[in-house]
**Q** 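The structure under discussion is supplied below as structure tokens; questions concerning it will follow.
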Amino acid sequence: MNLIDALLPRASNPTGGSAVVSAVNTDGTVDISVDGATVPAACLEGYADRTPGDVVFVLPVRGGYVVINRFSTS
């Protein structure tokens with residue numbers, strides 16, 4: 001087992017689905033909560049007005065995540 005799997009087992013083996021934004025970073029990325037782990041994620045331009053607490057759709061890319069957009073609240 002490598003170190004990342006020991007520290008973040010679910011985050012190091014990502015699957016598509018939903019996540020919750022826990023922080024918005026100054027570089028345009030966000031931190032998301034996935035199965036109890038907090039990991040950074042890049043965002044597509046369409047996901048604007050990023051806010052902690054947003055429930056977002058994510059896809060795995062190269063061992064990490066990309067946020068596609070937030071789920072609609074209506």
**Q** Any heavy-atom pair between the side chains of Leu59 and Ile68 that's under 4.5 Å?
**A** yes

**Q** Below 4.5 Å, heavy atoms only, C-beta onward: do Val24 and Pro52 meet side chain to side chain?
**A** yes

**Q** Between Asp31 and Asn25, is a side chain to side chain contact (heavy atoms under 4.5 Å, CB included) present by the stated rule, with each step listed?
**A** CA-CA 7 Å; Asp31 293 340; Asn25 304 311; 3.2 Å; yes

**Q** Counting N and O atoms only, with roles assigned by atom type, does the side chain of Arg70 sit under 3.5 Å from a partner on the main chain of Ala48, one being a donor and the other an acceptor?
**A** yes

**Q** So, taking the atom named CZ in Phe57 and the one named OG in Ser18, what distance separates them when rounded to the nearest 0.5 Å?
**A** 9.0 Å

**Q** Say whether, by atom type as modelled, one donor and one acceptor occur between the side chain of Ser22 and the main chain of Val20 under 3.5 angstrom.
**A** no

**Q** Should Tyr65 and Val30 be marked as a side chain to side chain contact (heavy atoms under 4.5 Å, CB included) after you check the CA-CA gap, both sets of side-chain angles, and the distance that decides it?
**A** CA-CA 10 Å; Tyr65 290 95; Val30 294; over 6 Å; no

**Q** Is it the case that the side chain of Asp27 and the backbone of Thr29 share a donor-acceptor pair, with hydrogens and angles ignored and the cut-off at 3.5 Å?
**A** yes

**Q** What distance do Arg50 atom CZ and Asn69 atom CG have between them, rounded to the nearest 0.5 Å?
**A** 9.5 Å

**Q** Give, for atom CD1 of Ile32 and atom OG1 of Thr38, the distance between the pair rounded to the nearest 0.5 Å.
**A** 9.0 Å

**Q** Please give me the minimum heavy-atom distance between Ala19 and Val34, naming the atom from each residue.
**A** CB-CG2, 4.0 Å

**Q** Take Phe71 and Val56, measure what side chain to side chain contact (heavy atoms under 4.5 Å, CB included) needs, and give me the verdict at the end.
**A** CA-CA 5 Å; Phe71 283 99; Val56 293; 5.6 Å; no

